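For reference, the structure discussed in these notes is given below.
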Amino acid sequence: MPLLELTDVEARYGQIKALHGVSLSVDEGEAVSILGANGAGKTTTLRAISGTVRKSGKVLFDGKPIGGRSPEAIARLGIAHVPEGREIYGELTVWENLLIGACFSRDRAGSKRECERVLELFPRIASRRGQQAGTLSGGEQQMLALGRALVARPRLLLLDEPSLGLAPTVVSAFYDIVTSLNAEGLTVLIVEQNASVALDATRNTYVLEVGRVVLGGPSAELRQHERVRSSYLGY
Ligand code: ATP
């Protein structure tokens, strides 16, 4: 049974229909990516899962429907969403940002312990725990956004364009962490415009075009697919 399953999910913003019936599934422990051009509906797909856009169709998590639940309830079930642009609180310190992540923890009593555990994963931000988060570099802010999501010990991590605006070495360091989290059993669904990085980091990939899944399968096979190569890899 997949950990996450979407069937015929449609979503709209007022008159604009962003998803036209998206179906996809993610197995427990798997890393999956969603590729697509600007406006294809990648972000909206993640929002449909985390409950932050109005939608129809079926969203199952661990076999149970979650489509009608609030974003808070979905977060408490163990789905953590790291949005595009990170949305960290720039005026607050690194430590305070991590504590906010603990609001959605299934074990709130252990919040500080979880924040310490997360800081061990990110030595670079650990040494800046008292620093205002808005003064961190882009890569450090992305690490902090990931760390804040991990504090709640999610079962499913949703990452929206984590490589956006980061230098290649920082992207590579970020994905090393994601890969090791996945190797330890965390299920990950990643939206990326950096197709090469996403294909390398995941076992399966879906391609979205204009709100529909047009291709899906093992990432290694899609890397060879002509449509993926010409549209997303540039050769
Ligand atoms: P990008 O890579 O540019 O972020 P995306 O694949 O994530 O693109 P979405 O952000 O999901 O695409 O957008 C899908 C469609 O929904 C687009 O046509 C977009 O203009 C529209 N859309 C997204 N957010 C809103 C909004 N808040 N209000 C109105 N339309 C929106």
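Atoms within a ligand are numbered from 1 in the order they appear, just like the ligands themselves. Keep in mind that the numbers below use all heavy atoms, side chains included, and drop hydrogens, waters and symmetry copies. What you are looking at is a predicted structure, and each value in this text was computed from that prediction instead of being measured.
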(request) Test Glu10 against every option in Arg54, Lys17, His20 by the side chain to side chain donor-acceptor pair (under 3.5 Å) rule and name the one that passes. (result)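 Result for side chain to side chain donor-acceptor pair (under 3.5 Å) with Glu10: Lys17.
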(message) The test is salt bridge (Lys or Arg N to Asp or Glu O under 4.0 Å); show your working for Glu116 and Arg129 and say whether it passes.
(response) CA-CA 10 Å; Glu116 294 290 357; Arg129 60 197 289 157; 2.8 Å; yes
What protein heavy atom sits nearest [atom], and how far off is it?
atom                    : value
atom 3 (O) of ligand 1  : Asn38 ND2, 2.8 Å
atom 10 (O) of ligand 1 : Thr43 CB, 3.6 Å
atom 31 (C) of ligand 1 : Tyr13 CD1, 3.3 Å
atom 4 (O) of ligand 1  : Glu84 OE1, 3.4 Å
atom 17 (C) of ligand 1 : Gly39 O, 3.8 Å

Distance from [X] atom [atom1] to [Y] atom [atom2], nearest 0.5 Å?
X      : Y      : atom1 : atom2 : value
Asn97  : Glu87  : CG    : CD    : 11.5 Å
Thr43  : Ile34  : OG1   : CD1   : 9.5 Å
Leu150 : Leu181 : CG    : CG    : 5.5 Å
Arg117 : Leu98  : CZ    : CG    : 10.5 Å

(message) Taking the basic N atoms (NZ, or NE/NH1/NH2) and the acidic carboxylate oxygens, is any pair closer than 4.0 Å for Glu192 and Lys42?
(response)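 Salt bridge: no.
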Under 4.0 Å to a heavy atom of [X] - the qualifying atoms of ligand 1, by number:
X      : value
Ala40  : 5 (P), 6 (O), 12 (O)
Ala37  : 6 (O)
Glu161 : 2 (O)
Thr44  : 9 (P), 11 (O), 13 (O), 14 (C)
Gln193 : 2 (O)

(request) Using protein heavy atoms only, decide if any is under 4.0 Å from atom 12 (O) of ligand 1. (result)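 Yes; the ligand atom in question has protein heavy-atom contact below 4.0 Å.
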(message) Under 4.0 Å from atom 19 (C) of ligand 1, is there at least one protein heavy atom?
(response)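 Protein heavy atom within 4.0 Å of atom 19 (C) of ligand 1: absent.
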(message) Test your reading of the structure: does Ile16 have an N or O sitting under 3.5 Å from an N or O of ligand 1?
(response)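 In this structure, Ile16 places no N or O atom under 3.5 Å from an N or O of ligand 1.
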(request) Kindly confirm or rule out an N or O of Ala18 lying under 3.5 angstrom from an N or O of ligand 1. (result)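 No; the residue has no nitrogen or oxygen that sits under 3.5 Å from a nitrogen or oxygen of the ligand.
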(message) Less than 3.5 Å apart, any donor N or O on the side chain of Thr44 or Tyr13 sitting next to an acceptor on the other?
(response)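 Checked: Thr44/Tyr13 side chains pair up, N/O donor to acceptor below 3.5 Å.
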(request) Would you sort out whether Thr93 and Arg128 count as a side chain to side chain donor-acceptor pair (under 3.5 Å), showing the intermediate values? (result) CA-CA 9 Å; Thr93 65; Arg128 292 163 163 74; over 6 Å; no
(message) According to a hydrophobic-cluster definition based on side-chain heavy atoms being under 4.5 Å apart (Ile, Leu, Val, Met, Phe, Trp, Tyr only), do Met143 and Leu164 belong together?
(response)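 No, separate clusters.
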(message) So is Gly41 touching ligand 1 or not, going by heavy atoms under 4.0 Å?
(response)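 So Gly41 counts as touching ligand 1.
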(request) State if Gly211 counts as touching ligand 1 under the rule of any non-hydrogen atom under 4.0 Å. (result)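 The answer is no: ligand 1 sits nowhere under 4.0 Å from a heavy atom of Gly211.
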